[in-house]
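Structure first, then comments.
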Amino acid sequence: MSRQGPSKRYESDSDSDSVDSAEEARRRDLQERDEFANRLKKRDEDRTRNVVQNFDKRTYEEAAKRLKLDHAGRDKVISELRKTSRWKYLEKRKDDKLQELEADIVDDEYLFEEEILTEREKKERQHKKELLQLAQEHEKARELERIQRYHMPRDLGKDSTADYIEVDELEKVPQSEQKKWEKDQMASAVFKFGAKDVKKTDDYELLLEDQIDFIQALQMPGSSEKKVPEISDVQKKKLTIEETKKSLPIYPFKDDLIAAVKEYQVLIIKGETGSGKTTQIPQYLHEAGFTADGKKIGCTQPRRVAAMSVAARVAQEMDVKLGNEVGYAIRFEDCTSERTVIKYMTDGTLHREFLSEPDLQSYSVMIIDEAHERTLHTDILFGLVKDIARFRPDLKLLISSATLDVTKFSEFFDDAPVYQIPGRRFPVDIYYTKAPEADYVDACVVSILQIHVTQPLGDILVFLTGQDEIETCHELLQDRVRRLGSKVKELIILPLYANLPSDMQAKIFEPTPPGARKVILATNIAETSLTIDNIIYVIDPGFAKQNHFNSRTGMESLMVVPISKASANQRAGRAGRVAAGKCFRLYTAWSYKHELEECTVPEIQRINLGNAVLMLKALGINDLVHFDFLDPPPHETLVLALEQLYALGALNHHGELTKLGRRMAELPVDPMMAKMVLASEKYKCSEEIVTIGAMLSVNGAIFYRPKDKIIHADTARKNFYHMAGDHLSLLNVYNQWRDSDYSLQWCYENFIQHRSMKRARDVREQLVNLMQRVEIEMVSGIDETDNIRKAITSGYFYHIARFSKGGSYKTVKHNQSVTIHPNSALFETLPRWVLYHELVFTTKEFMRQVIEIESKWLLEVAPHYYKAKELEDSTNKKMPKTVGRSKMTD
DNA sequence: CCCTATGAT
């Protein structure tokens, strides 16, 4: 890492370069860019040629035949298809992903010779190849419709069971009693619902004819209790605070832990949830005198609610007022004072604090909690904090994680010692399906009913991928329950996803009426963010939606992907919080063992890093390529981020931060949006632009579209449309809401999400405050929209597309085919030049949030980036087709 | 004609 000492970081300002050298550098830079563009283009052509040449003819014919059949079938059963389209959609996603992977490998090999690769990169390449091969074999096997490929765990001997037991090393210690218990469990290995213990009625027969066979392959043992208590036993008697503190698993380790912190500078804490580490460790250290010299103990959390509730709990335990000795800081809310010695905060908040206090001088201890979640912010914090520890030997670091993978953290922090703390969890039996399930939504419905009919009371938690899937599942389930009538106990079905209005979310916390059972159909939100009590059964189909950023095309795609083993175990653990539970995995044991990745790919390797790079630059870290990342992001992503920052004027040609860049870094938004906001002053429309920025920040969760009122919701949305484009529609929405005095009722009437609007209002207020700090005047009052659109263009001139033909557009930068999203106000207008806020791949390449612009604005706003020649209108004059290819060919 | 998981500054 090339960084000067903390005191010097803000001194190097490089805006004072002479004009000559700047000109020279720009010329050189342009030349380099052209060369790079040519190389990319040549590579694309080569790739196309290779694919055509290398394609085995027979395979091609088979594939063509298969595709044709598929199309024919599609035509025949369009109505039927709607029901099964979900499934096909998943298939398509998988195909796309395979192709992407293949392209990645070809790219990689073309661009980088084997010799120049580091060991890690070589390994990565090898890994990708293996992955591709595995995926292709999987496809072949599916073609043959053979299930033999899936090995059943029936032949598991005593020795091989160990492979299937997912416990961490600490818990693997041989315990004869435990072993015996497991053996008993294995004896009744094949677990079939409704076989004996339930008297079948006709209705049950109807219900159970398509039942699923589950196999119990393993048990995830609990960590303290050996006896399995009844649910009623779990209602704990009231304990005093002191008694509760002493009953926590961490308590016996108190003195030992303090001694370890005193001895070592960095300590990795491995502890299961429920050990009490988050609430207790800061208190122990406080008592041990780590706050004596007026310094604080900091503790980061990945989520706002966690930071708030933990702080509240600790304040209560220490019998102080929240905000005094114990406080928390999250965005929009700083609940700390000068007296605060224990401070909880979100990782993003600490990240931002680095800008004003780059050496964490006011802290004596920093605890990074939930490190295994590997959020973008914790990943960056690792690098920063490791660096600081070097020149601040008095600063203690605690990295706390729950995974098996603590060795990785330990190695990263120069072989820091690992301290283990036991957790408290009840055992969970894990069941796998005998054969893979094709339609997991249907399989979920069947499993839910099987549990409901045959298993003792206790609520069920089902993990699905999205709102749409949850709604389908809800309908199916309701239908089938209705058919069963009063012959089964009451089943309360509750959906749960982040975009669900809060009052409906709150329903999951209402106690289940006696004799009834709750089923919660949830997205990933229930995996980490929300914990629901009384869950005894978990159904896990093994999928989740994940965002991927492709730096080659600058496009994001949201894909349904198989979850990782770590994630699967996290889900299973949700069943063992209050009593022994059961987890039903809708995939085979073989799949679990061989097909799931060990851990989820960390966020830092999957997303656009524009914001993060700007922030690191603002901290004075210039050499990002050699920044000490725990897992480095793809090189291309870093390069793209740097390139964009340069084009925006945030970096000079040395890659150093400019004055503009420093102001941009002050704003908690993406670089392009920061530029837009800063440019608004010049165009006398900062009030409007700040509103638009705030609305764009809430991520498209403005319009509420319940399935049963889609038509109403859509017409309501169209009332806000503005001819000039979607950014102005959003402005309309916000201003009308403001004129209604921020009314909740108004939101209901117009199918607007009140929660998102409140958030937009918070973001807006924060931006307005920061504008004053960077000395930008808030101005407004123009009626026409040209200025607003010009201000937007000065931030987003990277995101321009021109109309080509057949309703399709070509991006100016990559010459890529894209279309306007059907939810856009411009979907039917099709202007010649458009600016888009984001590019997403769902079923096609879509531009979301689009406005119409005039090409001459680009010359006005970004003369360094666009030349008049490439903006000539090919539609008016007779020009050869290649004109559309812009500078790539010239 | 769309099919937005989850966090956070």
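All chains are named by letter (A, B, ...) in the order of the sequence lines, taking the proteins before the strands, and each is independently numbered beginning at 1.
The residue A:A544 sits apart from the nucleic acid: no heavy atom pair falls under 4.0 Å. Counting non-hydrogen atoms under 4.0 angstrom, A:R717 reaches nothing in the nucleic acid. Residue contacts shown for A:L376 are absent, as no nucleic acid heavy atom lies under 4.0 Å away. Backbone-only contact: A:Y497 has heavy atoms under 4.0 Å from sugar-phosphate atoms and none from a base. Here A:T523 lies in heavy-atom contact (under 4.0 Å) with sugar-phosphate atoms only. The residue A:N524 sits apart from the nucleic acid: no heavy atom pair falls under 4.0 Å.
Among the nucleotides B:dA8, B:dG7, B:dC1, the one closest to any side-chain atom of A:R304 is B:dA8. Side-chain atoms of A:N547 lie closest to B:dA5 of the nucleotides B:dA5, B:dG7, B:dC2. Here the nucleotide nearest the side chain of A:R331, chosen from B:dC2, B:dT9, B:dG7, is B:dT9. Checked against B:dC1, B:dC3, B:dG7, the side chain of A:P822 finds its nearest nucleotide in B:dC1. Picking from B:dT9, B:dC2, B:dA5 the nucleotide with the shortest atom distance to the side chain of A:T843 gives B:dC2.
Residues passing the salt bridge (Lys or Arg N to Asp or Glu O under 4.0 Å) test with A:R717 are A:D714, sequence neighbours excluded. Every side chain to side chain contact (heavy atoms under 4.5 Å, CB included) that A:A443 has, sequence neighbours left out, goes to A:I212, A:E437, A:L586.
If you check the side chains of A:T349 and A:T346, you find a donor sitting under 3.5 Å from an acceptor. Side chains of A:Y587 and A:D540: a donor on one and an acceptor on the other come within 3.5 Å.
Atom CG in A:L770 sits roughly 13 Å away from atom P in B:dT9 (whole-Å rounding). Across the protein-nucleic acid pair, A:R303 atom CZ and B:dA8 atom C1' stand 11 Å apart, rounded to whole Å. The NE2 atom of A:H821 sits 14 Å away from the P atom of B:dC1 (whole-angstrom rounding). Taking atom CG on A:N611 and atom C1' on B:dG7, their separation rounds to 14 Å, with Å as the unit. Between the CD1 atom of A:I470 and the P atom of B:dT6 there is a distance of 8 Å, given to the nearest Å.
A:Y809 and A:F803 have their aromatic ring centers within a separation under 6.0 angstrom.
Side-chain to base pairing of A:E603 with B:dG7: one donor and one acceptor N or O lie within less than 3.5 Å of each other.
Nearest-nucleotide positions on DNA chain B for A:D670 and A:E838 put A:E838 closer to the 5' end. Across the interface with DNA chain B, nearest-nucleotide mapping of A:V840 and A:S697 shows A:V840 to be the residue nearer the 5′ end.
When the side-chain nitrogen and oxygen atoms of A:T346 are compared with OP1 and OP2 of B:dA8, none of them lie within a distance under 4.0 Å.
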